[in-house]
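Bear in mind the structure is a predicted one, so any value in this text is a computation, not a measurement. By convention in this document, chain letters (A, B, ...) are assigned in the order of the sequence lines, proteins followed by strands, and residues within each chain are numbered from 1. These numbers come from the heavy atoms of this one structure, side chains and all, not from hydrogens, waters or symmetry mates.
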6 protein chains.
Amino acid sequence: MIEASVTRWLAEDVGAGDLTSEIVLPTGSVADLLVQTREDIVVAGLDVAIAVFRHCEPGATVEVMTPDGTRCRQGAAIARVKGPARGLLTGERTALNILQRMSGIATLTATYVDRIRHTKAQLIDTRKTTPGLRSFEKHAVVLGGGRNHRLGLDGGIMIKDNHIAVCGSIAAAVARAKAGVPFLTKIEVECDRLDQVRQALDAGADVIMLDNMSLDELREAVALVGGRVPLEASGGVNLDTIKGIAETGVDFISVGRITQSAPCVDIGLDAAVTA
Amino acid sequence: MIEASVTRWLAEDVGAGDLTSEIVLPTGSVADLLVQTREDIVVAGLDVAIAVFRHCEPGATVEVMTPDGTRCRQGAAIARVKGPARGLLTGERTALNILQRMSGIATLTATYVDRIRHTKAQLIDTRKTTPGLRSFEKHAVVLGGGRNHRLGLDGGIMIKDNHIAVCGSIAAAVARAKAGVPFLTKIEVECDRLDQVRQALDAGADVIMLDNMSLDELREAVALVGGRVPLEASGGVNLDTIKGIAETGVDFISVGRITQSAPCVDIGLDAAVTA
Amino acid sequence: MIEASVTRWLAEDVGAGDLTSEIVLPTGSVADLLVQTREDIVVAGLDVAIAVFRHCEPGATVEVMTPDGTRCRQGAAIARVKGPARGLLTGERTALNILQRMSGIATLTATYVDRIRHTKAQLIDTRKTTPGLRSFEKHAVVLGGGRNHRLGLDGGIMIKDNHIAVCGSIAAAVARAKAGVPFLTKIEVECDRLDQVRQALDAGADVIMLDNMSLDELREAVALVGGRVPLEASGGVNLDTIKGIAETGVDFISVGRITQSAPCVDIGLDAAVTA
Amino acid sequence: MIEASVTRWLAEDVGAGDLTSEIVLPTGSVADLLVQTREDIVVAGLDVAIAVFRHCEPGATVEVMTPDGTRCRQGAAIARVKGPARGLLTGERTALNILQRMSGIATLTATYVDRIRHTKAQLIDTRKTTPGLRSFEKHAVVLGGGRNHRLGLDGGIMIKDNHIAVCGSIAAAVARAKAGVPFLTKIEVECDRLDQVRQALDAGADVIMLDNMSLDELREAVALVGGRVPLEASGGVNLDTIKGIAETGVDFISVGRITQSAPCVDIGLDAAVTA
Amino acid sequence: MIEASVTRWLAEDVGAGDLTSEIVLPTGSVADLLVQTREDIVVAGLDVAIAVFRHCEPGATVEVMTPDGTRCRQGAAIARVKGPARGLLTGERTALNILQRMSGIATLTATYVDRIRHTKAQLIDTRKTTPGLRSFEKHAVVLGGGRNHRLGLDGGIMIKDNHIAVCGSIAAAVARAKAGVPFLTKIEVECDRLDQVRQALDAGADVIMLDNMSLDELREAVALVGGRVPLEASGGVNLDTIKGIAETGVDFISVGRITQSAPCVDIGLDAAVTA
Amino acid sequence: MIEASVTRWLAEDVGAGDLTSEIVLPTGSVADLLVQTREDIVVAGLDVAIAVFRHCEPGATVEVMTPDGTRCRQGAAIARVKGPARGLLTGERTALNILQRMSGIATLTATYVDRIRHTKAQLIDTRKTTPGLRSFEKHAVVLGGGRNHRLGLDGGIMIKDNHIAVCGSIAAAVARAKAGVPFLTKIEVECDRLDQVRQALDAGADVIMLDNMSLDELREAVALVGGRVPLEASGGVNLDTIKGIAETGVDFISVGRITQSAPCVDIGLDAAVTA
């Protein structure tokens, strides 16, 4: 699957040909590329970046200093790639683009995770990912210490206010879900109020989402549910608020920002090319 | 081309089926979706978001209040979509994901452009885009008031330090490029120093990039070149520095951040579903 | 997704061209096709068969007498399709092939379901489907009255003897699963013996599969678990044994045969072609 | 072409990831798989099953005991596959699904062929195959001792009652076919009655199909044609009737059941996984 | 199938965008295109050219003056296409490229066919076609009055000297072919000498190719075979020699040049664009 | 990219299988193929032809005598390929088809280039290429000594009479182009008259095309422009006229014929097959 994505990305960038490499670089030129981080990061996407280089130059030599999932200090060498210059320079930008983006997500995820490490709460992601990069971004979340919520619309039932409205009640919506859902898939109900939490619990929801609740409401919900099903807090979570939310006793906290708004981290690539 | 991307994105999110819509929503349910911005933005990607909804429900009714390229105030209604609830709710997340991301880029681009509006300098993008979203992000840059640099590796020759080193000189590298480049494609040379600018000019470069130069160096380069070829300033450009750079008299300023680090803007979608 | 499959199937059958239709049928010939069942069936795949005809002749007129999911007596008319003869005769065989196969699965599923209708047990399918037809066959199971187990390997965790062996214990395997599984996905443990059932329960499995157990063992497992998690009976299930298994009190019974060994049902197509 | 199918099948089963293998199996686990038949079969699809395993684990070691086309007794070992457990267990179900299905077809074909071995008649298949598996199923027929009729609609002209009706006569339909058919492709005419056989012969048909004729009619047709063109008997052929049909002297007997209704054979896979 | 090819061709030409149309043409511009031939031709590929225009502008209005297969005099109007200028000008070059090429083949084919119209010989094509355009070029041959040989390697058995050598004899090669060939496919044997013709006839070949024989040899072969199987003359056929070859009494003459060396004919497109 | 094309071409030719190779050639047969030219040529497409053979038989041994770009005399050996006969004979026709076509283009290009070698003018190609073969044909032009114009519609702006008409003037059309064109892409204006040349120059066109001008007009245009921008002569260029055109002092001459009407050159393939 990585291979299919890499093929598509390179087709996008190369189009009808990498004119500069093909025309300017002498045949037989060799490149020695050193990938280094210019800030503190959690590495993610190195495997993918290497797949980009290998796609361009199957015979390239790759040395990995800090594999995916490693926390690195500014200045650390991440990997070194050597081989024919034409292909490696063709792939360079695409390799960096995915590496900087995935490492950005892993790094921001780790920052969030660090804030709640003293609690039992786990950080989970959302479906707010970049179109086309879902699996890459969800993998970066895991490398940063987070967990995945569901991988896509086939990975779980999420009953929201609209479903409840159109079915008539939480009980009715959950009943429809239970009758048709594939056997190994859970049913989650999104609740805005405590009475909904009670109804979801009675209806047999597998998981309950507490949406945009105050810390007091979260605490009440935790007490009400008493560990019978896992609770997910969602909405308004940022680096300032997450600690307080985690300390209410919820099991999971979902954060859209870790995939939606993580800036690319600054990873550099120094290339030495010789004829 | 939009259609092919939309198909892939929805396949990514839907996988083996949108379990919630298929199982919980009664057949015949109808949705009325209102897309509204929760912050000041430049709209971009609305056409694409609509293509997502139409892919899911070809018969949906779409009303556009603020077409792509519009500057909107917080709270403005952007579009309204009505049709069968199953398909529209299936597409909702994907539609928002691309709309929020493209509008994020257009909005940040406009912020940069606003800083240099009093000069002749134009803002241009780079190849630092999200793998798979090149054309969407470059289009968002244009909607935000920027210009495109090249669309991909087939859209121009960029001679950098490595090409110069392996060819022996700027003159030699440009000569190779001139001999082989397709007739309608320009040749740009990246220069770190003023003597390189002089060499590039003599070699017949079509465009010269001034990489990471001080404001004084930029001014000297502008004077040296005297309008014979366009000059692009690059490196270290941010919202604080761009005004000064533009005032040196360069023709173009390229900024990677507008595609690399634009956060998704906060656009909401309110859905009313009826049986 | 149906459209992509139909395109592939027709390409497979047509190859470089439907020589007979193109050469022998006069331009402008019109066909009137009547689809009738020659045995008692549950209709499944009619929507897909119609998609085949429409792919060949977008302007064909289709009348559906017995939609998908209907139980039909031998001789019942299922649908009537009229339009240009060339395209309809090109699609005829492919349309019948999928209709006969899906209806075969739905019909056999219904036969199984009828045997256990007096119990609370539900019939579920397996991953023993025809490569390339997973979603079609799983949909046929639902039309026949069964439920889906998981749609694919991303739809649930199934811990089997090998996983237990290599992890050291059921507890260890379930712990690994719980730490990494996406949040809305269940964990099932396959157990051959009652002590394993106890371990799986203690480990926090969401579902327990009772593999190839005797009726007595099944009853003991049901008593042991006491409704805390759903139980799936599996192995050695056929039309003779399923009633007894269902009466032990298990919640689900999985049957590979409904997709693996359902013969195509005999559905005929009478065509009248006029110039 | 096998590779493209295997890729599609695995995508179908794996979806967003084989959660169980990725999460539960420790990195570095090794699997040793033994494929054995639990009934008497003709092996078919082993090459394809191996392609599935190799797709998942290119470095797997494969030992083939009974290659495609071999008749095996119950209990015979068919093949052994060793390699990294994650990939091999991911591919296991898909590999078995195709192997059991193709071997089912080859085994049923061989049963039919055995009934007519004392005659000159040859068993041939039809276009009644599973959508998407045409070439695999036709290959299984050959491995079981049958012959292929045509591979698809581009592999021959089949003139049926409808073509005759719309063209006005067998002579007119065959004349149209002869004028336009690619040079190396035969023309077959489907006949229900002896006078049609005579007309088809006079019209210059390359092959004549005798559709649903009684044994007496078949014998008369054989006498009438006197070896000038090959004769295919079709319709109502099963294990009870095929011997009699073959003994009438026809050249070919086509049977839809060998592909439409062959149950999967019972082939097991024992896996030993070690860390 | 046409649609898939058109999509690929336009992607090839358009790449990341038709810059000229998108940037220079005002939104809402309308084009009126008149397609006219500048030499005497047989029209072929007009349907495909129209598919190109419709792909670019689904709402374009198309008027066909001389449909595919028409012989046209220099200056004749072929078709007129009106609609949004952006899309139509994007497709113009691709539409003309295929129309000029296919019409070139049809025109050259007709020239050959005209030379042998007084004989019973028919002109047939070969597999010497442009990679990717097989079906388009074979269709152009038919429009020019020729016949197709086989559509591809699955459309017939061709036994050549190498097959004969490695099998030991013509008889042995034909026997292998007869045992395995799909039932509706013919077997042709390529013969250089008359004794081979005799052997091929005895072996039961369905068709005999006479390769590079003199007119005397061709006449002898015709006499020898006496109408029992069709004879194809091949090799050294051009506009000077074809009449003599046809008059020897052979049934078919194959000519690679009609697809390999037909120049594009001169068809012009006059466009009037208004804002 | 070559690989994707080769896969498609072979699928086109092979369809459901190479019946002759699979059925007639004994398993284990080995082929020794010698590719030789039967006329004087410039070799082009040999790399692609070899990719065809390697696709069919990855383990084939290939010896290249005259690599792409070599001028060869009639009778010269070009390459030798050895390996399993089944695959190599399957690929033979496709390999020759592309090799003969690309070498035809390179050879004709070289003939044109030879006529203008004494001038500074360079030969360039057009977009008049075979649909689906753009990059192959443009590469053949380069191997024959020509240059590429633009690779596709994304490789440059071409302002023609229609654009000028709808924009109001050359100045207006060029202004639109300059405002929107990606930074590294040139703008060319097609001119029929000298006053247009003057306007294009004033408007700041990067390149000017002189369309169908007389030799006198061309000379005047050269004088008028005085080297400020490159000039391309176009229209009515053939082997008789090109020398005169080149001697007017234009910089580039574009010729559609080199891709539109180059006949395939006669390259033969002698195969020796042994069991």
Go through D/Leu96, D/Val24, D/Leu25 and name the one with the most non-hydrogen pairs under 4.5 angstrom from chain C. D/Val24
A side-chain contact here means heavy atoms from C-beta on lying under 4.5 Å apart; do C/Glu188 and C/Lys186 qualify? no
Among D/Thr107, D/Val141, D/Val48, D/Val43, side-chain contact (heavy atoms from CB on, under 4.5 Å) partner for D/Met102: D/Val48
Between D/Arg127 and chain C, which part of the residue has a heavy atom less than 4.5 Å away: side chain, backbone, both or neither? both
Identify the two heavy atoms, one from D/Ala49 and one from D/Ala95, that lie closest to each other, and give their separation to 0.1 Å. CB-O, 3.7 Å
Taking the side chain as every heavy atom from C-beta outward, state whether C/Thr90 and C/Glu57 have any pair of such atoms under 4.5 Å apart. no
Ignoring hydrogens, what is the shortest heavy-atom contact between C/His55 and C/Leu10? Give both atom names and the distance. CD2-CD1, 3.5 Å
For D/Val35, which of D/Ile50, D/Leu269, D/Leu46, D/Asp270 qualifies under side-chain contact (heavy atoms from CB on, under 4.5 Å)? D/Leu269
Contacting moiety of C/Ser29, where chain D heavy atoms sit under 4.5 Å: side chain
Looking only at heavy atoms and a cut-off of under 4.5 Å, which of C/Gly152, C/Cys264, C/Ala275, C/Ser261 has the most pairs with chain D? C/Cys264
Bottom line for D/Thr126: the part with an atom under 4.5 Å from chain C's heavy atoms is neither
Chain C: which of D/Gly155, D/Ser135, D/Gly15 shares the most heavy-atom pairs with it under 4.5 Å? D/Gly15
Among D/Val6, D/Ile159, D/Leu89, D/Thr129, residue most engaged with chain C (heavy-atom pairs, under 4.5 Å): D/Thr129
State, with a plain yes or no, whether a side-chain heavy atom of D/Lys82 is found less than 4.5 Å away from one of D/Val30. no
Using a heavy-atom cutoff of under 4.5 Å, enumerate the residues of residues 165-183 of chain D that contact chain C, numbered in order, or state 'none'. D/Val166, D/Cys167, D/Ala173, D/Arg176, D/Ala177, D/Gly180, D/Val181, D/Pro182
Relative to chain D, which of C/Val14, C/Thr185, C/Ile23 shows the most heavy atom pairs under 4.5 Å? C/Ile23
Do C/Leu133 and C/Arg101 have side chains that get closer than 4.5 Å, going by heavy atoms? yes
Side chain, backbone, both or neither: which part of D/Ile187 has a heavy atom under 4.5 Å from chain C? neither
Flag side-chain contact, heavy atom, 4.5 Å: D/Phe136 against D/Met1: yes
Under a 4.5 Å heavy-atom cut-off, does chain C meet the side chain of D/Arg150, its backbone, both or neither? side chain
Between D/Arg134 and D/Leu151, is any pair of side-chain heavy atoms under 4.5 Å apart? no
Closest heavy-atom pair, D/Leu33 versus D/Leu88, reported as atoms and distance to 0.1 Å, is CD1-CB, 4.0 Å
With a 4.5 angstrom heavy-atom cut-off, could you sort out which part of D/Glu22 is near chain C: side chain, backbone, both or neither? neither
Top contributor to chain C contacts, counting heavy-atom pairs under 4.5 Å, from D/Lys160, D/His163, D/Glu12: D/Glu12
Taking all non-hydrogen atoms of both residues, which atom of C/Gly91 and which atom of C/Cys56 are closest, and how far apart? CA-SG, 3.7 Å
Here the pair of heavy atoms bringing C/Val237 nearest to C/Tyr112 is O-OH, 4.2 Å
Among C/Thr130, C/Ile98, C/Thr274, residue most engaged with chain D (heavy-atom pairs, under 4.5 Å): C/Thr130
Who among D/Asn97, D/Asp161, D/Val273 has the most heavy-atom pairs with chain C under 4.5 Å? D/Asn97
